[in-house]
Number of protein chains: 2
Amino acid sequence: MTKRQRNARGEGGQLRQDILGAAIALIDRAGSSEAVSLRAVAKEVGIAAPSVYAHFPDRDALLLAVLQQLFDELIALRSEAEERAAAAGGGAWQQLRAGAFATVHFGLQRPGHYKMLYEGRVVSGLSDPMAAAFGRPIQLRVAGLIREILEGMPERENDDAERLALLIWAGTHGVISLQINKPTLRWPKATDLVEDLMRAVIRPANSGVSP
Amino acid sequence: MTKRQRNARGEGGQLRQDILGAAIALIDRAGSSEAVSLRAVAKEVGIAAPSVYAHFPDRDALLLAVLQQLFDELIALRSEAEERAAAAGGGAWQQLRAGAFATVHFGLQRPGHYKMLYEGRVVSGLSDPMAAAFGRPIQLRVAGLIREILEGMPERENDDAERLALLIWAGTHGVISLQINKPTLRWPKATDLVEDLMRAVIRPANSGVSP
DNA sequence: ATATAAACTTACATTCGTTAGTTTATATGT
DNA sequence: ACATATAAACTAACGAATGTAAGTTTATAT
């Protein structure tokens, strides 16, 4: 907004972070990555539009960096939530639930960011495999936790954990996505819906709460 | 594309349908409603861009009409599928499943259209309540079928059908949306996933197939 | 003092929604 | 059969926004 003071000799890289932050702020405010025009980003940071090119080769590169950072943030939020659940004595089930709830909160509080991560054909030049790879760690973590849960359930020991992880992912995403995109419907608490779906899919025996 | 022959006196309205169809075709090809520029639509139909204004007051009105038509198509597809299931002797459960499968096919075969219906903040000036109202009939129908199913299950007779409908909607949408937006992942058959989720949520006793 | 990193100004070529005014074909009245 | 009113479409153009290229200025570290 205001004129930005010039960075020192070696610290031109500081601006890179500010540009990234501005792009992320714009997406959050507008609810969509289309709001990221180089001119809008530049104005937000307080620089001239072409100065962005000193730090990103083109607009797609900027959006790709945003995507990466947002995935990192979501992964960090999930990990923290899981660790809190574990620290409180929670087992695999409680950790899985905590991670899912963290995603729900992320999605509902920052719908523009969530849509970019999971509803995005955002970066035109970006091969989808790359975008999919960003989210892969979450998928693996969920499948691992589910495997752990299944091991405590003799009658389902050889269920396919990967498949159950997919079902839970789909259910969680469905709740978040619908609530974001149809906000005027009367929605029950999203976390309750997600927990219902997770219980229905997994049926954890020792879930700590009700059977 | 080629020069279009002029419509007769009273039949200017024919062009309206062609414009609608062109917009729908563009969305299908590009996978997003951003592809609907008045110039692109006009070229597709074979007219000049401003001629669109004879039939739609502005771009948003065109997109709104597209939205309406696509919802109508989806509703029709669902109804046909349900009727086929009923004609084959299927009960409420089989009809519910057939409707869900029809939506899955619609979504995977026409991802751009599906995204417009369920992931769209498409029409900037369109109040969301209106867009939500377009999809309302499906929601009501699903809840009705679920109520019917629950009535055949004494032990769950007073479960909340509206809530179960929401869970199934979310699950179905989640499967479709994720498969659309992360197409490079290895996806099991989408209908199988949806059926798993529906069974997990409803646990129909007499589902006709396995318990 | 000077080399250079950091950022600027200017501008080009597209694309877009939309407005204004104009042309052309068709149906109708005589 | 012919003139005419009008529906149906056209051409031209404006103003705004966009990604990006080219060349220039300015502050800082050596």
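The figures that follow rest on heavy atoms only: side chains count, while hydrogens, waters and symmetry mates do not. A, B, ... follow the sequence lines: proteins, then strands. Residue 1 opens every chain.
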Practice problem: Any side chain to side chain donor-acceptor pair (under 3.5 Å) involving residues 161-174 of chain A? Give me the pairs, sequence neighbours left out, ordered by first then second residue. | Solution: A/Tyr114-A/His173, A/Arg163-B/Asp196, A/His173-B/Ser177
Quiz item: Who passes side chain to side chain contact (heavy atoms under 4.5 Å, CB included) against A/Ala48, sequence neighbours left out?
Solution: A/Pro50, A/Ser51
Quiz item: How many Å lie between CG on A/Leu62 and P on D/dG19, as a whole number?
Solution: 10 Å
Quiz prompt | B/Arg97 bridged to B/Glu195 by N-O distance under 4.0 Å | solution = yes
Self-check item: Whole angstrom value for the distance that separates P of C/dA7 from CZ of A/Phe56
Solution: 13 Å
Quiz item: Over how many whole Å does the gap from B/Arg16 atom CZ to D/dA9 atom P extend?
Solution: 14 Å
Quiz item: Can you name the side chain to side chain donor-acceptor pair (under 3.5 Å) partners of A/Arg84, sequence neighbours left out?
Solution: none
Practice problem: Quickly work out the A/Leu63 CG to D/dT18 C1' distance and round it to whole Å. | Solution: 14 Å
Quiz item: When the distance from CD of A/Glu34 to C1' of D/dA17 is rounded to whole Å, what number comes out?
Solution: 14 Å
Quiz prompt | Atom pair distance, as rounded to whole Å: CD1 in A/Ile47 and C1' in C/dT9 | solution = 14 Å
Practice problem: Specify the separation, in whole Å, of atom CD1 of A/Ile19 and atom P of C/dA6. | Solution: 12 Å
Quiz item: Which dot-bracket notation, 5' to 3', represents the base pairing of DNA chain D when pairs are defined as Watson-Crick or G-U with both distances under 3.5 Å, crossing pairs as [ ], and inter-strand pairs as |?
Solution: ||||||||||||||||||||||||||||||
Exercise. Check the distance between C/dA6's P and A/Asp18's CG and give it to me in whole angstrom.
Key: 14 Å
Practice problem: Would you indicate what A/Val36 reaches in the nucleic acid, counting non-hydrogen atoms under 4.0 angstrom: base, sugar-phosphate, or nothing? | Solution: sugar-phosphate
Enumerate all atom pairs, one protein N or O and one N or O from nucleotides 20-23 of chain D, separated by less than 3.5 Å.
| unit_1 | atom_1 | unit_2 | atom_2 | d |
| --- | --- | --- | --- | --- |
| D/dT20 | OP2 | A/Tyr53 | OH | 2.8 |
| D/dT20 | OP2 | A/Arg59 | N | 3.1 |
| D/dT20 | O5' | A/Tyr53 | OH | 2.9 |

Quiz item: Does B/His55 place a side-chain N or O at less than 4.0 Å from the phosphate oxygens OP1/OP2 of D/dA8?
Solution: no
Just list the side-chain donor-acceptor pairs under 3.5 Å for residues 64-72 of chain A, sequence neighbours left out, or say none.
| unit_1 | atom_1 | unit_2 | atom_2 | d |
| --- | --- | --- | --- | --- |
| A/Gln69 | NE2 | A/Glu73 | OE2 | 3.4 |

Exercise. Under the side chain to side chain contact (heavy atoms under 4.5 Å, CB included) rule, collect the residues that match up with A/Thr191, sequence neighbours excluded.
Key: A/Phe101, A/Val104, A/His105, A/Lys189
Quiz item: Excluding sequence neighbours, so at least two apart, what forms salt bridge (Lys or Arg N to Asp or Glu O under 4.0 Å) with A/Arg141?
Solution: A/Glu82
Practice problem: Output all residues satisfying salt bridge (Lys or Arg N to Asp or Glu O under 4.0 Å) with B/Asp160, sequence neighbours left out; order by chain, then residue number. | Solution: none
Practice problem: Classify the nucleic acid contact of A/Ser51 as base, sugar-phosphate or nothing, counting any heavy atom under 4.0 Å across all strands shown. | Solution: base
Quiz item: Counting any heavy atom closer than 4.0 Å, what does B/Ala48 reach on the DNA or RNA strands: base, sugar-phosphate only, or nothing?
Solution: base
Practice problem: Go through the steps for B/Leu197 and B/Leu193 under the test side chain to side chain contact (heavy atoms under 4.5 Å, CB included), then give the verdict. | Solution: CA-CA 6 Å; B/Leu197 275 167; B/Leu193 292 176; 5.7 Å; no
